[in-house]
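Ligands are counted one by one from 1 in listed order, and the atoms in each one are counted from 1 as well. Just so we're clear, the structure is a prediction, and the values are computed from it rather than from any experiment.
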Amino acid sequence: MRDFAYARAGTAESAAGALADPRTSVIAGGTELLNWFRLGIADADRVVDIGGLGALRGITQDGDELRIGALATLNEIGEHPLVIRTAGALASACLQAASAQIRNRATIGGNVLQRTRCPYFRAEEPLPWPCNKRDPGSGCASLAGRHERQAIVGWTRDCVAVQPSDPAVALAVLDAQADVLGPAGPRTIPMREFHLTQREAAEAGQPMRETRLEPGELITGYRLPASSDGQAYVKIRERASYEYAIVSAAAAVRLEGGPRRRRQGTARIAAARVALGSVAQRPWRLAAAEAELPGTPLAREALIPVIEQAMADAAPLPQNGFKVLMARNAAVRALLAAGGAR
Ligand SMILES: Cc1cc2nc3c(=O)[nH]c(=O)nc-3n(C[C@H](O)[C@H](O)[C@H](O)COP(=O)(O)OP(=O)(O)OC[C@H]3O[C@@H](n4cnc5c(N)ncnc54)[C@H](O)[C@@H]3O)c2cc1C
């Protein structure tokens with residue numbers, strides 16, 4: 001662990017101002033940043049603690065909009081009645097993340113900025129193998145080595161890592177907006193565009209960029225439509241707790257005809273949104289499926305071809321072809337659960 005100077009921010013504006021110095025980092029719960037210092041992934045000289053900023057806390061409803069402060073912890077969000085009622089996929093994603101202890105510290109602002117769990121990236125310095133994220137231009141050890149947990153869409157030969165956040169998948173499917181404050185003032189970033197795949201970053205001329213957050217910008221909170229659609233978050237992992245997703249899926253579904261048709265087993269989808277997690281460096285909205293789903297029966301055999309068609313461009317690596325089938329099944333399960341099917 002390296003030494004760094006520590007200060008407490010008095011306001012969100014002063015914290016954003018402090019970020020103008022590239023040697024300064026903000027710290028919220030510290031569950032990621034301190035690990036990065038230990039591993040040599042980050043090396044800020046100065047850390048500004050935003051944990052005391054009351055303006056970045058709180059979960060409220062304003063008309064049709066749910067507002068969640070960046071400092072809300074994953075447990076606060078997952079257990080909040082407003083979130084459970086109007087953004088159930090997000091509540092579920094938060095409660096399926098990490099462990100109870102970590103969820104008490106981990107904030108939703110820091111969560112979407114967590115880095116990949118790729119073991120080649122997460123190694124302690126000095127790094128014994130190439131990693132373009134740690135040492136740009138050195139190569140990608142995962143591509144030639146182990147990559148069964150890596151991307152099946154959006155990757156490049158420079159990097160095959162996935163973004164592992166659970167809440168980010170729910171925020172993307174629920175059309176949340178991140179409110180950010182930076183040198184140019186406040187702005188919003190739609191969460192379905194917040195993260196970048198390696199291919200998108202390369203096309204933008206910054207191959208190792210991971211998000212659309214600009215240097216010096218602070219996330220102050222999120223706004224999302226308070227929804228009455230049925231919602232679900234399905235996380236596939238090797239054990240039931242304290243484990244990252246192999247793949248995950250979030251869905252929101254509105255049915256034609258209401259619960260009576262569901263009881264009769266004749267329910268059809270009126271509108272649906274669905275996104276996959278841990279398949280790319282960003283949550284992967286299945287836009288083609290969303291366009292096809294209205295009118296589709298809420299039944300596994302009807303949903304499978306729609307999801308398969310929407311995933312036709314998946315390009316798995318030699319060791320992770322199984323993730324295509326697993327992601328398809330997660331998406332189908334999330335849609336069925338969101339629609340209330342048993
Ligand atoms: C053992 C373990 C298991 C985990 N399992 C899961 C899991 O299953 N699913 C999952 O989704 N996550 C998981 N996580 C990740 C965890 O949820 C994140 O580490 C946590 O949410 C990060 O929030 P934080 O407040 O601790 O961030 P910090 O560590 O304080 O900060 C992380 C980064 O975000 C920046 N930052 C923080 N807040 C802001 C802000 N408001 N604006 C701008 N920048 C900001 C910091 O400068 C830093 O760069 C796990 C973490 C651990 C340690």
Side-chain angles (χ1 to χ4, degrees), residues 4 6 9 11-13 15-19 21-39 41-44 46-53 55-57 68-78 89-90 92-117 122 149 162-172 178-183 186-187 189 194-195 210-222 233 235-248 250 277-278 283:
F4 53 83
Y6 172 88
T11 61
E13 288 74 16
L19 283 175
D21 173 0
R23 301 292 307 159
T24 298
S25 258
V26 293
I27 191 167
T31 60
E32 263 286 73
L33 188 67
L34 296 178
N35 277 325
W36 297 344
F37 286 163
R38 183 176 57 79
L39 296 170
I41 291 171
D43 64 348
R46 189 160 173 261
V47 166
V48 174
D49 190 344
I50 58 173
L53 298 179
L56 269 55
R57 292 202 173 277
I68 300 176
L71 288 176
T73 66
L74 301 190
N75 266 346
E76 284 167 354
I77 296 168
L90 178 62
S92 176
C94 286
L95 290 186
Q96 291 187 65
S99 64
Q101 291 87 344
I102 289 168
R103 290 195 300 270
N104 276 333
R105 280 217 58 88
T107 68
I108 188 79
N111 180 277
V112 302
L113 294 169
Q114 68 178 286
R115 311 285 305 274
T116 181
R117 304 307 302 179
R122 287 266 165 183
R149 303 288 291 254
V162 298
Q163 163 56 242
S165 164
D166 294 302
V169 187
L171 289 168
D179 288 322
V180 309
L181 181 64
R187 69 176 182 118
I189 307 176
F194 185 87
H195 296 94
E210 294 174 8
T211 73
R212 292 185 199 274
L213 196 70
E214 295 289 345
E217 283 185 327
L218 187 74
I219 301 173
T220 55
Y222 303 86
Y233 184 72
K235 179 171 178 176
I236 314 293
R237 48 187 160 170
E238 283 178 350
R239 58 182 179 198
S241 171
Y242 202 19
E243 185 58 284
Y244 290 90
I246 303 173
V247 298
S248 69
S278 294

Show the atoms of ligand 1 that are less than 4.0 angstrom away from any heavy atom in [X].
X	value
Pro167	11 (O)
Leu74	17 (O)
Thr107	21 (O), 23 (O), 24 (P), 25 (O)

Identity and distance of the protein heavy atom lying nearest [atom]:
atom	answer
atom 11 (O) of ligand 1	Asp166 N, 2.9 Å
atom 44 (N) of ligand 1	Leu113 CD1, 3.2 Å
atom 7 (C) of ligand 1	Ala98 N, 3.2 Å
atom 26 (O) of ligand 1	Thr31 OG1, 2.6 Å
atom 43 (C) of ligand 1	Ile219 N, 3.5 Å

Non-hydrogen atom of Arg103 closer than 4.0 Å to ligand 1: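 Arg103 does not count as a contact of ligand 1 under the 4.0 Å cut-off.
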Thr73 to ligand 1, any heavy atom closer than 4.0 Å: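 It does not, in that no heavy atom of Thr73 comes within the 4.0 Å cut-off of ligand 1.
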Partners passing ring-ring contact (aromatic ring centres under 6.0 Å, His included) against Phe4 (at least two apart in sequence or in another chain):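 By the ring-ring contact (aromatic ring centres under 6.0 Å, His included) rule, Phe4 matches Phe37.
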Name the atoms and distances for all side-chain donor-acceptor pairs under 3.5 Å in residues 25-32, with sequence neighbours left out.
residue, atom, partner, partner atom, Å
Glu32, OE1, Trp36, NE1, 3.4
Glu32, OE1, Arg122, NH1, 3.0
Glu32, OE1, Arg122, NH2, 3.2
Glu32, OE2, Trp36, NE1, 3.2
Glu32, OE2, Arg115, N, 2.9
Glu32, OE2, Arg122, NH2, 2.9

Region of Gln114 that comes within reach of ligand 1 [heavy atoms, distance under 4.0 Å]: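 It is the side chain that gets close, since no backbone atom is under 4.0 Å.
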